[in-house]
Amino acid sequence: MEKTVRGKQVLKMLKFGQLTFNKGELSLENLLQGGQAFRWIYNENKNHYTTTMKVGDSDKYVVVILTQPSQTVLEFATVGNMCCLKSLGDHLADYLRLEVSVRDLHATHWIKRDSNFTSYSPQGVRMLAQEPWETMISFICSSNNNISRITKMCHTLSRKYGEKIGKFDSMDYHSFPTSNDIKEKATETELRELGFGYRAKYIIQTAEKLAIDKAQGGFLGDTEYLLYLNAHMTYEQMREHLMSYSGVGPKVADCICLMGLRMDDVVPIDVHIKRIAMRDYKFQAKKSDIKQLAEKYRDLPITRKKINLELDLIRLMFLGKWGSFAGWAQGMLFSKEVGKTSGATTSGEIKKRKLGDITETSDVFEVKKEFKTEECIVESTMIEEGTQISIKVESR
Ligand SMILES: Nc1nc2[nH]c(O)nc2c(=O)[nH]1
């Protein structure tokens with residue numbers, strides 16, 4: 001191993017753990033920058049992804065590195081070994097929802113219920129279990145927006161209003177700001193100047209309302225509060241509550257339910273999915289169904305005000321067709337329809353890429369979950385302020 005050290009030496013080796021799964025279950029390339037999560041940064045030279053996240057029940061963010069050396073293996077580490085590998089492995093298996101086999105869902109449910117699914121495969125795209133608060137703000141940013149700009153906005157929020165967590169490969173990493181961080185540090189004018197447009201007002205108002213709501217409920221954390229509500233409400237009640245926040249309509253609420261609250265059967269409907277419903281499923285709303293749905297929402301005033309009943313009928317049609325993991329089926333269609341990923345890279349640019357192609361094989365549909373926490377050294381530069389170290393890898 002070659003070392004160049006200038007200044008104070010703070011060399012800490014990265015320890016990697018492994019998760020393994022069947023081919024076709026997960027593709028970081030197709031998943032992490034495909035429109036669900038917006039704060040993963042791709043390092044094109046080293047082919048790894050980095051972000052900050054809270055691990056397990058801890059309130060502290062750590063910098064996480066993920067790489068996929070093969071179609072069936074994922075390797076993970078934290079910068080500075082900020083938390084134990086076993087906890088990180090458990091957390092990532094949960095975040096990536098590895099307990100669900102998307103290939104099994106495709107082969108044994110969706111294809112049987114819907115012949116359209118015979119011509120596509122999951123391509124390693126699955127639903128993530130993200131932090132509900134971050135998901136809420138990310139999807140408020142997503143209205144009339146593309147993945148590149150949502151990504152930019154989420155990184156800007158972290159950089160400006162989050163806490164600095166660490167430095168890795170010359171880049172600073174921050175936490176995602178809490179509602180209190182945004183309430184105390186951000187203004188609508190500043191967010192407008194930073195390029196958030198009309199969403200600036202929504203973000204400020206949502207942060208202010210959630211900070212008050214959680215305090216009144218006796219909660220310290222945004223996510224803790226949203227998870228508590230979710231555990232005590234039906235889908236319709238939770239959607240009604242989410243839509244009480246500024247900038248949250250049915251589509252945003254459903255994305256929070258699916259990608260932040262693990263409601264696997266919720267199908268977010270936007271223009272893309274509506275187009276698919278009309279084109280491939282010949283959907284036409286019946287007047288009687290619209291009337292019946294309006295009656296169902298009679299006691300939900302925000303839903304009545306914000307919902308488009310025709311789009312809600314499309315959601316229900318897909319739920320009936322695809323079943324209890326209908327939201328995952330939507331995720332597969334969404335990714336196929338968008339056809340590319342777009343995200344932050346360590347060069348500072350936001351780059352678009354075509355989806356990677358995974359050839360499916362008919363191996364056993366069983367998700368393997370194993371953690372191997374072996375120590376290994378990767379080619380990496382870990383710098384603390386005033387220090388420069390480069391390490392060249394000789395062996396692993
Ligand atoms: N799986 C999905 N990802 C999304 N991103 C985004 O902006 N909308 C969606 C969606 O409907 N599904």
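Counting starts at 1 for both ligands and their atoms, in listed order.
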Distance under 4.0 Å to a non-hydrogen atom of [X]: what atoms of ligand 1 satisfy this?
{"X": "G331", "result": "1 (N)"}
{"X": "P268", "result": "11 (O)"}
{"X": "K251", "result": "6 (C), 8 (N), 9 (C), 11 (O)"}
{"X": "Q330", "result": "1 (N), 2 (C), 10 (C), 11 (O), 12 (N)"}

Taking side chain to side chain contact (heavy atoms under 4.5 Å, CB included) as the criterion, tell me which of N230, L229, T135, V266 meets it with L261.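 For L261, the side chain to side chain contact (heavy atoms under 4.5 Å, CB included) test succeeds with only one of N230, L229, T135, V266, which is N230.
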N or O pair under 3.5 Å between G35 and ligand 1: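 So ligand 1 has an N or O lying under 3.5 Å from an N or O of G35.
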Is M171 close to T50 at the side-chain level, that is, under 4.5 Å between some pair of heavy atoms?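 No, too far: nothing below the 4.5 Å cut-off.
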Would you call the rings of W40 and Y49 parallel, tilted or perpendicular, taking 30° and 60° as the class edges?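 Perpendicular, since the angle between the ring planes exceeds 60°.
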Pairing donors with acceptors under 3.5 angstrom, does anything connect the side chains of Y235 and D265?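 Not at all, the side chains of Y235 and D265 share no donor-acceptor pair under 3.5 Å.
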Specify the protein heavy atom at minimum distance from atom 7 (O) of ligand 1: its residue, its atom name, and the distance to 0.1 Å.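 Ranking protein heavy atoms by distance from atom 7 (O) of ligand 1, first comes F139 CE2, 3.5 Å.
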Residues which pass side chain to side chain donor-acceptor pair (under 3.5 Å) with D94, listed by chain and number, not counting sequence neighbours: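 Checked D94 against side chain to side chain donor-acceptor pair (under 3.5 Å); matches are R262.
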